[in-house]
Protein chains: 2
Amino acid sequence: MLRVSRLTDYATVVMTVIATHPADVLSTAQIADEARLELPTVSKLLKLLGHAGLVESFRGVNGGYRLARPAEAISLADIVEALEGPIGLTECSIAQGHCDRHAQCGVSGSWQSVSGAIDGVLRGMTLAQMLAGRPAAPAKGAANPAQANA
Amino acid sequence: MLRVSRLTDYATVVMTVIATHPADVLSTAQIADEARLELPTVSKLLKLLGHAGLVESFRGVNGGYRLARPAEAISLADIVEALEGPIGLTECSIAQGHCDRHAQCGVSGSWQSVSGAIDGVLRGMTLAQMLAGRPAAPAKGAANPAQANA
DNA sequence: TGGAAACCGGACCAAAATGGTACTGTTTTC
DNA sequence: GAAAACAGTACCATTTTGGTCCGGTTTCCA
Ligand code: FES
Ligand code: FES
């Protein structure tokens, strides 16, 4: 389905919740409550996001999480990468040489090309735009050209 | 990793192999041999691609497969959709209403936006372009045009 | 008329990824 | 020192994926 993991989807929800309170340090329980997600799940997500440097964590009583950067400086690509690793549609397009078919298959170049384009799209969508809830087209005004597919 | 299935990757290889012989009807064995893939796997791929209307199949002796459309009219999006279904990064972006969190999460709009953009990218890459991107024609020297019964 | 080539449609299974949870430790505040 | 809250990790159930196989059907050719 060319889909992103459900955890990644939830991560965007969590990030928007945090971004709604830019001045506060929110506990996992608060975030889970606002995001309507299970607490252990949110906990896992926050750990990943913290590891990627997208959120700042504070331990101890009254601890919690806060955005490490303003929402304008956090892109959807950052979140996706935090959850799913480097962006690349195929394994061959991430690390060449891993595939013995690389020599004559020749499609890896095309995959790399589209991977780069998609990376640009994801990088053009910022958390601030997601917060606005009414985001314009990310990079290019790519409305669906023709849905007429057999 | 925001990756496409490995089968989808193989499908592009298979499609380029078929597109290299626009005038011939290639058997599954021939395609598998040129693509350096296992025959049962290629068989499954061809079935899927045939269902999607991307290749034409001919039964019986000397049967095989052929592109149903010129390579210029087949896009990467067509191949991806044939293997993985409709393009959409999240489940919510494909069918709204499946998610009880849809009301207040608000990120589904953003996901739909980027999904549309990615769909445009994939639709802009044609099989002909993928063919052109190849470094060189691999094993085209073996001119076994019609009915390689041998 | 018979056999062989080749596709068709499934079912089937093993392996891997995913989603989700739980537990124990460590840090900080009061 | 007790409680709050994050850190790390380990674990398991479920789903998805990858890959294979089999019987059936169609077509061509001798
Ligand atoms: S390089 Fe790996 S399949 Fe093309
Ligand atoms: S609509 Fe499903 S998580 Fe946002």
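FYI, side chains are in, hydrogens and waters are out, and symmetry mates aren't considered; it's all heavy atoms of this structure. By convention in this document, chain letters (A, B, ...) are assigned in the order of the sequence lines, proteins followed by strands, and residues within each chain are numbered from 1.
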Among [options], which nucleotide sits nearest the side chain of [X]?
{"X": "A:Lys47", "options": "D:dG8, C:dG20, C:dT29", "value": "D:dG8"}
{"X": "A:Tyr10", "options": "D:dG19, C:dC7, C:dG20", "value": "C:dG20"}
{"X": "A:Tyr65", "options": "C:dC7, C:dA22, D:dC6", "value": "D:dC6"}
{"X": "B:Asn62", "options": "D:dC29, C:dC30, D:dC6", "value": "D:dC29"}
{"X": "A:Arg3", "options": "D:dT20, D:dT17, D:dG18", "value": "D:dT17"}
{"X": "B:Val61", "options": "C:dG25, C:dA4, D:dG18", "value": "C:dA4"}
{"X": "A:Thr28", "options": "D:dT25, D:dC6, C:dA17", "value": "D:dC6"}

Exercise. A:Gly63 or A:His51: which one's nearest nucleotide on DNA chain D is closer to the 5' end?
Worked result: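 Per heavy-atom nearest nucleotide, the more 5' residue is A:Gly63.
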Exercise. Which sits closer to the 5' end of DNA chain D, B:Thr41 or A:Ala29, going by the nucleotide each is nearest to?
Worked result: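 It is A:Ala29, whose closest nucleotide lies nearer the 5' terminus.
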Give a yes/no answer on whether the side chain of [X] brings an N or O atom under 4.0 Å of OP1 or OP2 in [N].
{"X": "A:Ser27", "N": "D:dA4", "result": "no"}
{"X": "A:Ser43", "N": "D:dC6", "result": "no"}
{"X": "B:Arg6", "N": "D:dG19", "result": "yes"}

For this session: Compare every heavy atom of B:Thr8 with every heavy atom of B:Val4, then report the nearest pair and how far apart it is.
Result: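 In terms of heavy atoms, the two residues are closest at CG2-CG2, 3.7 Å.
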Exercise. Does any N or O in the side chain of A:Gln129 come within less than 3.5 Å of the main-chain N or O of A:Thr126, such that one atom is a donor and the other an acceptor?
Worked result: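 Yes, because the side chain of A:Gln129 sits within donor-acceptor range (under 3.5 Å) of the backbone of A:Thr126.
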Exercise. What is the nucleic acid contact for A:Gly64, judged by heavy atoms within less than 4.0 Å: base, sugar-phosphate only, or nothing?
Worked result: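 Sugar-phosphate contact only - A:Gly64 comes under 4.0 Å of backbone atoms but never of a base.
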